[in-house]
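Each ligand, and each atom within it, is numbered from 1 in the order the structure gives. This is a predicted model, so every value here is computed, not measured.
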Amino acid sequence: MAACIFCRIAAGELGTKFLHADADVLAFADLQPQAPVHVLVIPRKHLVSLAQSSGQDDALLGHVLATARSVAQQLGVDTSGYRVVLNTGSDGGQSVHHLHAHLLAGRPLGWPPG
Ligand code: AMP
């Protein structure tokens, strides 16, 4: 059994409902939503973070981003707007060490982030 919670989700161990699933990328609702729409987009491959990815992962990273765009369209927030965030490393506020993009939408989002 994988220790990484997102690897376990990718393996289907937690019965997660996916908004998007393909051979390489998954999207599912965040457990603790910070906005009316809060979706996580992850690669199935265990990449620790953006900082610890490499050029070999560039197509996969593009796929993660394109999936965020597609899920935003699917959820009808593409016109109102949204934010895609990859918290990376300690100062970036990353708490789950499996690369993930947050898709946040459904309310005006403040800037700068905390
Ligand atoms: P980060 O702080 O950028 O690493 O974000 C990790 C995110 O994963 C947080 O927003 C958590 O609420 C979310 N999270 C942690 N465990 C789960 C889970 N089992 N299912 C869905 N989201 C989760």
Side-chain angles (χ1 to χ4, degrees):
M1 187 171 69
C4 166
I5 188 71
F6 288 177
C7 285
R8 294 188 63 198
I9 286 173
E13 290 178 15
L14 303 186
T16 305
K17 182 178 174 233
F18 297 118
L19 288 92
H20 171 95
D22 63 39
D24 300 310
V25 170
L26 299 165
F28 53 91
D30 195 290
L31 201 57
Q32 295 183 289
Q34 302 300 314
V37 169
H38 189 172
V39 173
L40 300 176
V41 183
I42 70 165
R44 289 183 186 270
K45 176 181 175 183
H46 184 84
L47 295 174
V48 170
S49 72
L50 185 62
Q52 293 188 47
S53 65
S54 73
Q56 288 187 327
D57 304 308
D58 285 358
L60 184 56
L61 294 170
H63 192 165
V64 167
L65 204 56
T67 300
R69 175 182 61 198
S70 145
V71 171
Q73 288 168 348
Q74 182 185 324
L75 296 178
V77 296
D78 51 318
T79 306
S80 52
Y82 55 87
R83 185 171 294 165
V84 177
V85 178
L86 283 92
N87 294 330
T88 302
S90 177
D91 279 2
Q94 184 175 3
S95 63
V96 174
H97 299 285
H98 179 131
L99 185 147
H100 50 282
H102 296 258
L103 168 64
L104 297 147
R107 66 171 170 83
L109 298 163
W111 192 265

Using a 3.5 Å cut-off and no angle test, enumerate the donor-acceptor pairs between side-chain atoms of residues 26-35 and protein atoms at least two apart in sequence or in another chain.
from, atom 1, to, atom 2, distance (Å)
D30, OD1, Q32, N, 2.8
D30, OD2, H38, NE2, 3.3
Q34, NE2, Q32, O, 2.9

TODO: Under the side chain to side chain donor-acceptor pair (under 3.5 Å) rule, collect the residues that match up with D22, sequence neighbours excluded.
DONE: H20, H63
Task: H100 ring center within less than 6.0 Å of H98 ring center - done: no
Task: Amino acids contacting ligand 1, non-hydrogen cut-off under 4.0 Å - done: I5, F6, I9, F28, A29, D30, L31, Q32, L40, N87, G93, Q94, S95, V96, H100, H102
Task: Transitive ILVMFWY cluster of L109, excluding itself - 4.5 Å side-chain cut-off - done: V85, L104
Task: Pairwise side-chain contact, D24 with R44, heavy-atom cut-off 4.5 Å (strictly under) - done: no
- [ ] Ignoring hydrogens and angles, tell me if any N or O in the side chain of R83 forms a donor-acceptor pair with the backbone of G110 under 3.5 Å.
- [x] yes
